[in-house]
Each structure stands twice: as C-alpha cells, then as structure tokens.
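A quick write-up on the structure given underneath.
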Amino acid sequence: MTYQRSSQLFAEAEAVIPGGVNSPVRAFKAVGGTPIFVKSAKGAYLYDEDGNRYIDYINSWGPMILGHAYEPVVTAVTERAKLGTSFGTPTALETQIAALAVSMVPNIDKIRFVNSGTEACMSAIRLARGYTKRDKIIKFSGCYHGHSDSFLIQAGSGAVTFGSPNSPGVTQGTAKDTLLASYNNLENVKTVIEANPNEIAAIIIEPVAGNMGCIPPQKDFLEGLRTLCTANGILLIFDEVMTGFRLAKGGAQELLKIDADIVCFGKVIGGGLPVGAFAARNEIMNLLAPLGPVYQAGTLSGNPLAMAAGLAMLEALNNDTAIFDRLAEKTAYLAKGINTVLKAAKIEFTINSVGSMISVHFDSNPVTDFKSAANGDNETFKKFFHGLLEEGVYIAPSAYETWFITDALTYEDLDFTIAAIEKVAQGL
Ligand SMILES: *Cc1c(COP(=O)(O)O)cnc(C)c1O
C-alpha cells in the first residue's frame, strides 16, 4: 500500500488543525504513522485518497452498524436537504423518531435529542443532579462518557478519594465531584457510596464497556449497582452511546435485563450524522426546560437532516428482527477464527466480545477492568495494527478500542480478515 496522498494531506492539515485532526484518536498517535485520509466508503469498505481499499472495523466508531452509505439513510438525508437544512422550530420528524426510539427502548417515556454523545452524558448528569439535589457522581475508571469536564477524570489507585483532573482546564472544583470506582468491582462502589452518604446523584456506566476494549459486565455486577442505587436514592445512568440500538433493539437494558434511570444515546441513533440523546421516565424527564427548571438547549438539536438519518436507521433496525442475532453470529465467527490463528502462532492474547462488539488484547489474563486492559502489550498491538492495515484491514489505531461488526460484512470479508491476521501474526 502507498499512503503518499494521505501523508501530504496530513501535512497540510497539521498546518491549520491542531494535530491535523478534529478528534484525537484519529491521529494514530498510539500506533505511529500517518492517518489514512478517507475519500469514500460503501458497505463494509473504506476507500482512501491513495485508492487503497480497507475492510472497516471502526465504522465511524460505531454508527455504521448497517455499513457505509446505507441506501435508506442516504436517500432520507438527500431528500430532506431539499426541504431546508435547519429551521429552529419544531418539526414532525422529531416526534416521529422520538416515538420510535421510545417504543424500541425499555423504561423510557420521553427522549431529548442533542448533537453528540458528549452532550447527552453531560445533560444526563445535570438532570440527575437536578432530580436528586445532590452534586457528586460516580464513574468507572476506563469508561468514556465524552469530553465534558466532569468525565475527564483520571483513574487513580485511590479510587475512594477525590479524583484529580487528567486534562489541564478541568478545575479541581469540578474534579472533586467526580468519584472513581473500578469496573466489575461492586465492593469498591459500596465503599465509595458509604464514604459519601447522601451526596451521590448518579452512577454513570457503560453497561458493556467499550472504551477500554470491550469489557462485559461480570455476573451480578450491574444487578448489584441497580440495588445499590435504589437503596441509596442514586440514579443509575446507562451510557448507551455505544451499546444503544447495537446490542439489541433496546440496547444493553434489553439484552442484560436491567433497568436504568436515565439512558444516553449517540452513534447508531444518528445513522452517521451528529446526534445524541438522553431519555428517562416522565418523572425525571419532566424536570427539563421548558417543563421544569433543569436547563438544556441546542440551536441545531433535532436538526432535520440528522433526524432523517436517525429515523431511517432506527426504522431499518426495528423492522429487521434477525439483525442482532446475525451480527452476533458474525462476531462469534470472527472471534473463533482469530482465536485459532493467534493460538497457532503462539501469541498471548485474550478476546472479549458481546453482540457486535469485539476486542483483541495482547495479554493472556482475563481483561475485566481498566487495570487489566492496560496490561496488554502495546508494541505487539502496534505491529498488529500496521500489519493489518497493509493487508487492507482497518482496525482502530489504539489497543483500547472495540472493533465493530456491521451487517455489511460478508463471511468472505471475515475470512479475508482472519487470513490477514494469520499472516500478520507470523511477524509478531
Ligand atoms: C463515543 C462515546 C461517547 C461520546 O460521544 P461523542 O458523540 O463522541 O461526543 C460517550 N460515551 C460513550 C460510551 C461513547 O462510546
């Protein structure tokens, strides 16, 4: 593969965009090399500016669950654009997608649309604070909830004590209201709650973690959180920005049969356009402005192009009863294939997967939380990443990312991927 044009475009971008990218993970910092500049995509494939083709396992970091340039979404957006791209007034379309989302997801009466997952999580926390009249929140080390101040808090060994900011610009004042706990460690959560009686508004969690690789919740962990929250007047927030409309029609709540109090969405719900949303039962949602005192707004929230894309996506998922089983079967097939070829190459690894989310960790120990996820061999990952890229397989340029399986992937694509991994594994 040649990456000449991408290199040139990256150099040009670096002159006018910090780091040449509008979101840091795109910059290949963790793996080295030049980011691929994509020109177009269709189905399971990306085509870059140098004319290379890749099987895509990033899928825009989640949204493209039905593959790129999915026809009903493209049609919905182009048709809608002709009618005007933004009005700043209500539209019938917003009610249509809201009603469909509410019918698909358990436990929610109302939903509000925003423009990103970050906004959804940020607003969910404000709502939880308004509802409980408490300030503190608990988040889990290694879980990502977007880049708003409250969530950019470092994992520390003193998880019970106050968090410390891990980005300059986040004030100590904000950091002290974010308490950290370890994923899959219920005892740890109990300790944090006991140390802060009647102060915790919400526990926010990725019900299946996807931002430290894919980490499934262990048996009884989420059930335990639910019980703790109910017993202590704490709201349980499921950040389903990644898992929503992906693990099942109703997301992780449906798959794992756990009720959250507030649910956040992003990625799939926008069909590839900038959309986020948060939802809850009436009692909570009715606190939002203009009904209630908790303020939240957005000039482009519920934008008609974005809503048209989201609606076409949700309709497709809602109408295809076999889609989530099909995705899980493809994921299992890929996991089995990778397992076979990496074993044969005598590589130390662990594969985690749930539904259409899968991650490969270069460590033979179980990966159950941020600490164990951080044990993976990053040098091996770098070689693995670049080796696969050369073979025409594009996985996320970080060992902490989940791969996403899309409906557009054929078994031939999966076999191609497994063969590429077999070849790359020889050189690891
Ligand atoms: C991607 C993601 C976010 C942030 O969404 P953006 O649209 O990037 O702001 C929040 N939470 C989770 C779980 C995510 O995967």
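Every number for a ligand or one of its atoms is a count from 1 in the order of the listing. Numbers here are sequence positions counted from 1. Only a predicted model underlies this, so the values are computations on that prediction, with no experimental measurement involved.
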Inset, instruction - Please report which non-hydrogen protein atom sits nearest to atom 11 (N) of ligand 1, along with the residue it belongs to and the distance in Å to one decimal place. - result: D239 OD2, 2.6 Å
Inset, instruction - State whether the shortest distance between N or O atoms of E206 and N or O atoms of ligand 1 falls below 3.5 angstrom. - result: no
Inset, instruction - Give a yes or no on whether the ring-centroid distance for F384 and F362 is below 6.0 angstrom. - result: yes
Legend entry - Numbered atoms of ligand 1 (with element) below 4.0 Å of G117, judged on heavy atoms: 4 (C), 5 (O), 6 (P), 7 (O), 9 (O)
Inset, instruction - Find all atoms of ligand 1 within a distance of less than 4.0 Å from any non-hydrogen atom belonging to S116, and give their numbers and elements. - result: 7 (O), 9 (O)
Inset, instruction - Flag the pair Y54 / Y45 as yes when their ring centroid distance falls below 6.0 Å, and as no otherwise. - result: no
Legend entry - Proximal candidate to atom 14 (C) of ligand 1 [heavy atom criterion; set M242, K267, E401]: K267
Inset, instruction - For the pair E379 and K382, find out whether any cationic side-chain nitrogen is under 4.0 Å from an anionic carboxylate oxygen. - result: yes
Legend entry - K42 and D56: CA distance, side-chain angles, deciding distance, salt bridge (Lys or Arg N to Asp or Glu O under 4.0 Å) verdict: CA-CA 10 Å; K42 181 70 192 164; D56 185 16; over 6 Å; no
Inset, instruction - Provide the closest heavy-atom pair for M212 versus A209 in the form atom of the first, atom of the second, distance. - result: CE-CB, 3.7 Å
Legend entry - For atom 3 (C) of ligand 1, the protein heavy atom that lies nearest, with its residue and separation: V241 CG1, 3.7 Å
Legend entry - H145 contact mode with ligand 1 (heavy-atom cut-off under 4.0 Å): backbone
Inset, instruction - Could you tell me whether T118 and ligand 1 have an N or O pair separated by under 3.5 Å? - result: yes
Legend entry - F221-F140 aromatic ring centre distance below 6.0 Å: yes
